[in-house]
Amino acid sequence: MNELLNKRKSLFRRVFIPMCILVGFIICFIVSIASYYDIFGEINGNSRSLFDQEVTNRAHYLENAMVSKWSNMGFEIERINQVTHDYIEKNHVSLKQLDHSSKDSQKLLKEISSELITLLRNRGTTGVYLMLSQGDFSGNKTHYYPGIYIVDNDPESKYESSNSDLLLTRCPVELVDDLDISMDSNWQPSFEFEKDDLEFYDDIFKNFDLSAKDDDIAISDVGRWIPPYQRYGSDTYSISYILPLIYNKHVYGAIGIDVSFAYLQKLLPYHELDKDDKAGYILALQQDDTHYQTLFVSGPYYSSSIKQFSTLDIPNDKVKYIRENVYCSPYPLKLYNSNTPYSHEKWVLMGIVDKSQLYGFTEHLGTIFSIAMFIILGIGTLLSYILTRYITHPIVDLANHISQTSGAISRVNLERTHIIEIDQLIEAIEKMGNDVLASASRFTNIIELANTKLAGFELDYVRNELFITDGFFDIFLLHDIDTKNLTVEQFKKIFKMFDSVCQPTTKHNECIYHITSQGEQIYLRLRYHETSEKCVGLVEEISDMIKERQVIEHERDHDVLTGLVNRRAFQRQMKRLFSIEMEHLKIAALVMMDLDNLKSINDKYGHDCGDSYIKATADIFARYSPKNTIVSRTSGDEFYLFYYGYNSKDEINHHLQELKNAIAVSTVVLPNGERVRVHVSGGVAWYPQDSTQFEELQRYSDFAMYTVKHTVKGEIGTFDFEEYENNAIIMKKRMDFHELIDQNRLIYYFQPIVDIKTGKVFGYEALMRSTHPVLKNPKDILSIAKLEAQLNNIEILTWKKALESYQTLSLKGQVKKEHKVFINSISNQFIPDVDVSIIEEQYGSILDKVVLEVTEDEENNDDCFSKKSAVLKRWHAQVALDDYGSGYNSERNLLMVDPAYVKIDMDIIRDIDKEPDKQKIVENIVSYCHERNKKVIAEGVETVLELALVYHLKVDYVQGFLFAKPEQMPPDINEEALMVLRELNK
């Protein structure tokens, strides 16, 4: 009995002690890894990096606003100087008397007051001023100069056409009534300069004189950002930027903008740095490497402890702290060019945060880590003890029972332990032989009965034995190998022949073989399981599955007409290149091409000829582009060519020149026999010279192409950033856009959607139209709205104007109560709750007739759509997925939106009676939608043959010019189209 106890004790120790050691090792390993890699230090570093990045992003935003937006007044200064020039040349005013004569200054100020208001609106600042002075700031007495100072305390709000949101701070008494702008409580008729101001402004005007007399010095080089000052007679602090007004090399005044501290508070939101608001921004002037003068402090937490205009001492260390507990992240703002009068003035935006807030997560994590280690140690030891006792007890009993069995027996009968695994092991030993034979027999029968070609093998490394199915290598197209006497080494040698055509998959222990022999291509999938003793594998032919997948992927990623990469695939490839494969880019160029004469060909010869022209031009792009160039058709007449992986621009320019030469001599024979020349305009944006962001390269190449089309045409222009910034056409379009919004010049036309079975009107699509004399195209309106960050205003106007028009038609009885109204929505925009409430109050009676059309060139915004879905559900409204199949709406959108209606893009419907591929696409869409109780609408039906084809493909509704064109008053349905429907329904 004692011997048995000793054995149990020995077995217990053999299990318990290693388990305890394992628990201790795991804890030591975790602690060592944390210490070796300084995980907590890394977390602190990441916290600082995230904070630094937030400050950097905000500094970039502020720097861009100060340099590119607020201080970019060259266009307005040129116009004001021109007005001054005209007045002086016509003897309306005298240059010498401008800063003295009330009469002369009033004439000029009255004429240019509208330009100042325009400048204030365009620059989005809180103030603009113009002072007439020729720079005489001598003496000690107070100086007075005529001028105008206009203030807008909330530049982000919608401005009033009556200028009721503006205030006059400085203006001659005689002009107050003419300007019709309210006077500020601190209004004065002129600019007043006390003794303390004279030396400061005398220095500024001396630099202005240098610019006036020296043509090599640009006006912008003498512009100066003025540190914070109090607006005249008020408590409001502002920073200002001032530039000279020059006539005939004489300075006659100064013009400037100001940005108030209240507005800077909005632009520098301290709460973005820390959720508990124990952080802030400081705008400062750097005095030397360690001393900074504070100009502006954002955030209440530090406003009391860090005074405005005080000096901060910040050590020049890698990690900077103010005092001992405040982390500081300074970022210099580049406001002046080098070698300019004020290049020594270094403005800095710095973010500050309490050290306990910045590293709070690390301290909390350290406490949790320590507690977790003690818990793991205690629980691990306890579980080791319990498991050891539980495991060893039945094993010791079983061992004792076996050791007491003596004598030769033909069959071993052991007492069951009532432990499933041990009892199963006893049974398995008795049945092992028969089971192995039965398993082998079943596996062979399964392979013989399978329709798919299968082959299996087993390598026994211990016994050096091989088992393979009959004719194993036939599946590899090797029919002359005798597998009966094959050894393990011979099998490995033959299998190694296929290493060059083997490609591992993402799954563990799986690979694909692509074998070509005598024109026959097959795909085989190998799955295997390998240990130190055996390797078991199964080979399956999957050729049909692979080829079908390749066809589907090709149709998904390529344009039906040209065979080029479509928009969706192009965007996907660009996203990959500009994120995870940036090392492949090197020197690259994005070229946007546009067909100059496609519309005239369509109008003159028809869309068939237009399609042939597009296809032939696409063939030229593909034929004369290097092999690794990505060529894509992104819309009807627009193409992108992306050249990348080059070491110099000259290499790409060489390829572009070859392409230009080929286009210059190319002609296209149309289906009607006519021969036309190929005319293409293009624009090039360079990586990384112009930008490292793909979206910016798109805009820049589009701008370069747009510039070519409006100048020389037929050329490939290069992007010019300065021209992009100052382009008068873009500025005019922006002004036209704001005029369109302010004057509410959007109206909505309605096009009927017809039930294909009854011929009755099912509903109307509301289509945006503009009454603006210049800005007509809805696509241009949306494009400018996006650039101006006004998409939300367009979304609000769309809902209100479309519902207003439809309700008016409904009240007049021009549309029936059961008719639906389809309204296009911008996917990534959601109107505010206050506007939703207004819509529900004014148009609640028709909201259940609304069908929201989800459509946009970009990917849908899940968050916005979720909000819209909640509102639509409250209205009992429905959703339609627009432009399906165009490449803008992917299958993901179909699953995410779950629409009641799917509208097939008109490019698929056009000429569907002539193109079997389009018919197959529509047939698949209809089948998929009908299985899920979704209705299908065919857009752009223009011919009787197209109507007949979509009818036989079982679409539910049709829309297009064959039935009616969009009109402001709902049009009658074309009788000829209705007759065709009646015949089809017979």
Do S329 and D52 get their side chains close enough for a donor-acceptor pair, meaning under 3.5 Å? yes
For E115, salt bridge (Lys or Arg N to Asp or Glu O under 4.0 Å) partners two or more places apart: R79
Could you tell me whether the side chains of N792 and E795 share a donor-acceptor contact shorter than 3.5 Å? no
Under the rule for side-chain contact (heavy atoms from CB on, under 4.5 Å), what residues qualify as partners of V67, not counting sequence neighbours? E63, L335
Could you tell me if N653 and Y646 have a donor-acceptor pair between their side chains, going purely by distance under 3.5 Å? no
Looking at Y336, is its backbone amide N or carbonyl O close enough to the side chain of T340 to form a donor-acceptor pair, meaning the two atoms are under 3.5 Å apart? no
Could you pull out all donor-acceptor pairs under 3.5 Å where a side-chain atom in residues 215-225 meets a protein atom, sequence neighbours excluded?
| residue | atom | partner | partner atom | Å |
| --- | --- | --- | --- | --- |
| D221 | OD1 | N337 | ND2 | 3.3 |
| R224 | NE | E345 | OE2 | 3.1 |
| R224 | NH2 | E345 | OE2 | 2.5 |

So, do Y201 and F193 have ring centers that fall under 6.0 Å from each other? yes
Sequence neighbours excluded, the answer for side-chain contact (heavy atoms from CB on, under 4.5 Å) partners of D86 is Q82
Taking atom types as modelled, find out whether H772 and E739 have a side-chain donor-acceptor pair closer than 3.5 angstrom. yes
Please list all pairs passing the salt bridge (charged side-chain N to carboxylate O under 4.0 Å, His left out) test where one or both residues lie in residues 702-711, with sequence neighbours left out. D594-K709, D596-K709
Would you please say whether a donor-acceptor pair under 3.5 Å links the side chains of Y159 and D742? yes
Do the ring planes of H344 and Y342 sit parallel (below 30°), tilted (30 to 60°) or perpendicular (above 60°)? tilted
With a 3.5 Å distance limit and no angle check, can you tell me whether T126 reaches the backbone of S260 through a side-chain donor-acceptor pair? yes
Does any N or O in the side chain of D274 come within less than 3.5 Å of the main-chain N or O of D277, such that one atom is a donor and the other an acceptor? yes
Residues forming a salt bridge (Lys or Arg N to Asp or Glu O under 4.0 Å) with R121, sequence neighbours excluded: D152, D165
For F296 and F261, run ring-ring contact (aromatic ring centres under 6.0 Å, His included): C-alpha distance rounded to whole Å, both residues' side-chain angles, the deciding distance at 0.1 Å, then the answer. CA-CA 7 Å; F296 167 80; F261 275 18; 4.9 Å; yes
Does the ring of F51 carry R48 above it, NZ/CZ under 6.0 angstrom from centre and within 45° of its axis? no
For the backbone of S162 and the side chain of E160, can you confirm whether one donor and one acceptor N or O come within less than 3.5 Å of each other? no
Nearest 0.5 Å please: distance from the CG atom of D184 over to the SG atom of C171. 12.5 Å
Could you verify whether a donor N or O on one side chain and an acceptor N or O on the other, from T169 and N186, lie under 3.5 Å apart? no
In a check of salt bridge (charged side-chain N to carboxylate O under 4.0 Å, His left out) between K206 and each of D202, D209, D203, which one passes? D202
Name the orientation class of the two ring planes belonging to W70 and Y263 (parallel below 30°, tilted from 30 to 60°, perpendicular beyond 60°). tilted
Side-chain donor-acceptor pair present, Q287, K346, cut-off under 3.5 Å: no
Among L697, L590, T718, find the one that has a side-chain contact (heavy atoms from CB on, under 4.5 Å) with W686. T718
Can you label the angle between the Y149 ring and the Y129 ring as parallel, tilted or perpendicular, going by 30° and 60°? tilted
Could you walk me through whether Y252 and Y247 pass ring-ring contact (aromatic ring centres under 6.0 Å, His included), step by step? CA-CA 7 Å; Y252 66 90; Y247 166 75; 7.1 Å; no
Does one side chain, of H60 or N57, offer a donor that lies under 3.5 Å from an acceptor on the other? no
Please verify the inter-ring angle class for F719 with Y700; under 30° counts as parallel, over 60° as perpendicular, anything in between as tilted. parallel
Aromatic ring proximity, centroids under 6.0 angstrom, Y706 and F703: no
